[in-house]
Trainee: 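Once you've had a glance at the structure underneath, I'll fire off some questions.
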Amino acid sequence: MISASHNPYYDNGIKLMNGKGEKMDDDLQDALEKYIDGETEELPFASEDKIGCTVDFYTGRNRYIGYLTNLATRPFDDHKVALDCSNGSSWMIGPAVFNPLGAKTYVIHDKPDGLNINKNCGSTHIESLKEYVKENHIDVGFAFDGDADRCLAVDENGEEVNGDKIMYICAKYLKGKGQLPSNTVVTTIMSNFGLYKALDAAGINYEKTAVGDRYVYENMKAYNPLIGGEQSGHIIFRKHARTGAGLITAIMLMEVMIDTQLPL
């Protein structure tokens, strides 16, 4: 995946996934980097008809939209939802998921031009979404980053709900439903101490890892928790994905709001 994640376009790099949809391990990435840099052998360059081209994989996009839509167990009717797509990966898929689920969807920063991704928008610049939610009396807003693996929320009062709070809300809800495997949430050392106090009060265990979703996922594979992530909104719902997926996070939070009939 060509991506600068939550950074400007000129920081683009490459994320490498294995056949299971997991981020490749460091040793293999290091070996590939040495190969590309010509440290092990000369890298042949493609020429003539061997040069590749880009192809719009629309069937894959449509399958992913269908998968996300089917994750919701109830309609989003009567809910006003704002999506800040950060002029990035979610600009098309976000509305294509929330509209069929019945939400009254308001979309901002959904016009990518190759240069404006993450520019004063999205999860790292959530101020405009806060104002938009307040001005338009919207029930909930979701801010994604450029590659849409992060999701932060904004409540009906325009207040930010970060990744720690999202994990707490979803974990407590699932525990009440008897659907929290291992009764554990995986966090990183960047999580706020308040999260741990809140989880203690709810009778939920937690793990702490180094910063980075890869370390969160490795812990989840070893101990089987359902939820893990970072304060930045990079959250993994292991039942549904092997990496962070902002739209899945948004759908899971909507499920809690609708089932409990409570505002965010």
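All values below were derived from every heavy atom in this structure, side-chain atoms included, with hydrogens, water molecules and symmetry-related copies excluded. Index from 1, following the sequence.
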Trainee: Looking at every heavy atom in both Gly246 and Cys151, which two are closest together, and how far apart are they?
Mentor: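 Nearest pair, atom of Gly246 first, then Cys151: O-CB, 3.4 Å.
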Trainee: Could you tell me which non-hydrogen atom of Ala210 sits nearest to which non-hydrogen atom of Tyr215, and how far apart they are?
Mentor: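 Looks like O-CB, 3.8 Å.
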Trainee: Check the surroundings of atom OH in Tyr223: do more than 12 heavy atoms from other residues, nucleotides or ligands lie under 6.0 Å from it?
Mentor: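 Check fails, neighbour count at 12 or below.
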Trainee: Would you kindly confirm whether Val161 and Val140 end up in one hydrophobic cluster when ILVMFWY residues are joined by side chain heavy atoms under 4.5 Å apart?
Mentor: yes
Trainee: What's the shortest heavy-atom distance between Tyr64 and Ala245, and which atoms?
Mentor: OH-CB, 3.9 Å
Trainee: Taking atom types as modelled, is there a side-chain donor on Glu22 or Tyr217 under 3.5 Å from an acceptor on the other?
Mentor: yes
Trainee: Any side-chain heavy-atom pair from Leu83 and Ile108 closer than 4.5 angstrom?
Mentor: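 Not in contact.
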Trainee: For a side-chain contact (heavy atoms from CB on, under 4.5 Å) check, start with the C-alpha distance between Lys111 and Trp91, then their side-chain angles and the critical distance, and finish with the verdict.
Mentor: CA-CA 7 Å; Lys111 295 174 175 59; Trp91 78 273; over 6 Å; no
Trainee: Where the side chain of Asp145 meets the backbone of Asp149, is there a donor-acceptor pair that is under 3.5 Å apart?
Mentor: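 At least one qualifying donor-acceptor pair exists.
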Trainee: Membership question, hydrophobic clusters at under 4.5 Å side-chain separation (ILVMFWY): are Ile14 and Tyr10 in the same one?
Mentor: no
Trainee: Same cluster or not: Leu28 versus Leu16, using hydrophobic residues (I, L, V, M, F, W, Y) connected whenever any side-chain heavy atoms lie under 4.5 Å apart?
Mentor: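 Leu28 clusters together with Leu16.
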Trainee: Let me confirm one number: the CG-CG distance from Leu129 to Leu152, rounded to the nearest 0.5 Å.
Mentor: 9.5 Å
Trainee: When you measure from the side chain of Asp84 to the backbone of His109, do you find a donor-acceptor pair of N or O atoms at a distance under 3.5 Å?
Mentor: no
Trainee: If I take atom CZ from residue Phe98 and atom CG from residue Leu247, how far apart are they, to the nearest 0.5 angstrom?
Mentor: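 One finds 6.5 Å between CZ of Phe98 and CG of Leu247.
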Trainee: Can you tell me which residue among Leu199, Thr184, Leu174 is in a side chain to side chain contact (heavy atoms under 4.5 Å, CB included) with Ile204?
Mentor: Leu199
Trainee: Between Asn136 (side chain only) and Ile138 (backbone N and O only), is there a donor and an acceptor less than 3.5 Å apart?
Mentor: no
Trainee: Would Val154 and Ile126 count as a side-chain contact (heavy atoms from CB on, under 4.5 Å) here? Give the steps.
Mentor: CA-CA 9 Å; Val154 172; Ile126 202 168; 3.7 Å; yes
Trainee: Contact between Asn183 and Lys175 at the side-chain level, heavy atoms closer than 4.5 Å - yes or no?
Mentor: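 In short, these two side chains touch, coming nearer than 4.5 Å.
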Trainee: Do the side chains of Val55 and Cys53 get nearer than 4.5 Å, heavy atoms only?
Mentor: yes
Trainee: Ile248 versus Ile235: any side-chain heavy-atom pair under 4.5 Å?
Mentor: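 In short, these two side chains do not touch, never coming nearer than 4.5 Å.
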Trainee: Parallel under 30°, tilted from 30 to 60°, perpendicular over 60°: which one fits the rings of Tyr206 and Tyr196?
Mentor: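 Plane angle between 30° and 60°, so tilted.
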Trainee: Does a side-chain N-to-carboxylate-O contact under 4.0 Å join Lys221 and Glu218?
Mentor: no
Trainee: Can Ile117 be reached from Ile2 by stepping across I, L, V, M, F, W or Y side chains whose heavy atoms are under 4.5 Å apart?
Mentor: no
Trainee: Would you mind reporting whether Asp259 and Tyr173 have side-chain heavy atoms less than 4.5 Å apart?
Mentor: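 Heavy-atom side-chain distance check passes, below 4.5 Å.
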Trainee: Would Phe76 and Ile258 count as a side-chain contact (heavy atoms from CB on, under 4.5 Å) if you check the C-alpha gap in whole Å, the side-chain angles of each, and the deciding distance to 0.1 Å?
Mentor: CA-CA 7 Å; Phe76 295 170; Ile258 293 169; 3.2 Å; yes
Trainee: Without swapping roles, check the side chain of His234 against the backbone of Ser232 for a donor-acceptor pair under 3.5 Å.
Mentor: no
Trainee: Do you see a donor-acceptor pair shorter than 3.5 Å between the side chains of Thr187 and Glu207?
Mentor: no
Trainee: Treating Lys15 as the side-chain partner and Ser5 as the backbone partner, does any N or O pair qualify as donor plus acceptor under 3.5 Å?
Mentor: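 Side chain of Lys15 to backbone of Ser5, a donor-acceptor pair under 3.5 Å: no, none is there.
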Trainee: Main chain of Val186, side chain of Lys208: is a donor-acceptor contact present, judged purely on distance under 3.5 Å?
Mentor: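 A pair under 3.5 Å: no.
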Trainee: Any heavy-atom pair between the side chains of Tyr106 and Lys104 that's under 4.5 Å?
Mentor: yes
Trainee: When rounded to the nearest 0.5 angstrom, what distance separates NZ in Lys130 from CG in Asn157?
Mentor: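 Lys130 atom NZ to Asn157 atom CG measures 12.0 Å (nearest 0.5 Å).
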Trainee: Got a second to check how far Leu32's CG is from Gln29's CD, nearest 0.5 Å?
Mentor: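 Going from the CG atom of Leu32 to the CD atom of Gln29 covers 7.5 Å.
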Trainee: Any chance you could lay out the salt bridge (charged side-chain N to carboxylate O under 4.0 Å, His left out) test for Arg214 and Asp25, step after step, and finish with the verdict?
Mentor: CA-CA 9 Å; Arg214 176 183 300 164; Asp25 63 81; over 6 Å; no
Trainee: For Asn7 and Ala4, indicate whether the former's side chain and the latter's backbone hold a donor-acceptor pair under 3.5 Å.
Mentor: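 Yes.
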Trainee: Report the distance from atom OG1 of Thr69 to atom CD1 of Ile93, rounding to the nearest 0.5 Å.
Mentor: 10.0 Å
Trainee: Assess the residue pair Ser191 and Glu230 against the criterion (side chain to side chain donor-acceptor pair (under 3.5 Å)); give the C-alpha distance rounded to whole Å, side-chain angles, the decisive distance to 0.1 Å, and a yes or no.
Mentor: CA-CA 7 Å; Ser191 280; Glu230 301 178 284; over 6 Å; no
Trainee: Quick check against the 3.5 Å criterion: does Glu255 have a side-chain atom that pairs as donor or acceptor with the backbone of Ala72?
Mentor: no
Trainee: Grab the two heavy atoms, one from Ala148 and one from Phe144, that are nearest each other, plus how far apart they are.
Mentor: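 Of all heavy-atom pairs spanning Ala148 and Phe144, the closest is CA-CB, 4.3 Å.
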Trainee: For residues 113-125, pull every pair meeting side-chain hydrogen bond (donor to acceptor under 3.5 Å, both in side chains), keeping only residues two or more places apart or in separate chains.
Mentor: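 Found Ser86-Asn118.
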Trainee: Kindly work out whether a path of hydrophobic side-chain contacts (I/L/V/M/F/W/Y, heavy atoms less than 4.5 Å apart) joins Leu71 to Ile236.
Mentor: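 No, Leu71 and Ile236 fall in different hydrophobic clusters.
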Trainee: Which heavy atom in Gly21 sits nearest to a heavy atom in Thr243, and how many Å separate them?
Mentor: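 That closest heavy-atom pairing would be O-CG2, 3.5 Å.
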Trainee: Is there a side-chain contact between Phe142 and Leu253 (heavy atoms, below 4.5 Å)?
Mentor: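 Contact flag for Phe142/Leu253 side chains = yes.
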Trainee: Would you sort out whether Arg238 and Asn224 count as a side-chain contact (heavy atoms from CB on, under 4.5 Å), showing the intermediate values?
Mentor: CA-CA 8 Å; Arg238 187 166 176 253; Asn224 199 39; 2.9 Å; yes
Trainee: Would you say the side-chain atoms of Asn162 pair up with the backbone N or O of Asp164, donor to acceptor, closer than 3.5 Å?
Mentor: yes
Trainee: Output the distance between atom CD (Glu156) and atom CG (Asp139), rounded to the nearest 0.5 Å.
Mentor: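 It is 8.0 Å, given to the nearest 0.5 Å.
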Trainee: Are the side chain of Asn18 and the backbone of Met24 linked by a donor-acceptor contact shorter than 3.5 Å?
Mentor: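 No: the side chain of Asn18 does not pair with the backbone of Met24.
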Trainee: Which pair of non-hydrogen atoms, one from Leu180 and one from Ala171, has the smallest distance, and what is that distance?
Mentor: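 Minimum heavy-atom contact is CD2-O, 3.7 Å.
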Trainee: Do Met92 and Arg61 come close enough that some side-chain heavy atom pair is under 4.5 Å?
Mentor: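 Met92 reaches Arg61 side chain to side chain.
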Trainee: Apply the test side chain to side chain donor-acceptor pair (under 3.5 Å) to residues Asn99 and Thr105: give CA-CA distance (whole Å), side-chain angles for both, the deciding distance (0.1 Å), then the verdict.
Mentor: CA-CA 6 Å; Asn99 285 331; Thr105 311; 2.9 Å; yes
Trainee: The criterion is ring pair (Phe, Tyr, Trp, His ring centres under 6.0 Å); which residues satisfy it with Tyr168, sequence neighbours excluded?
Mentor: none
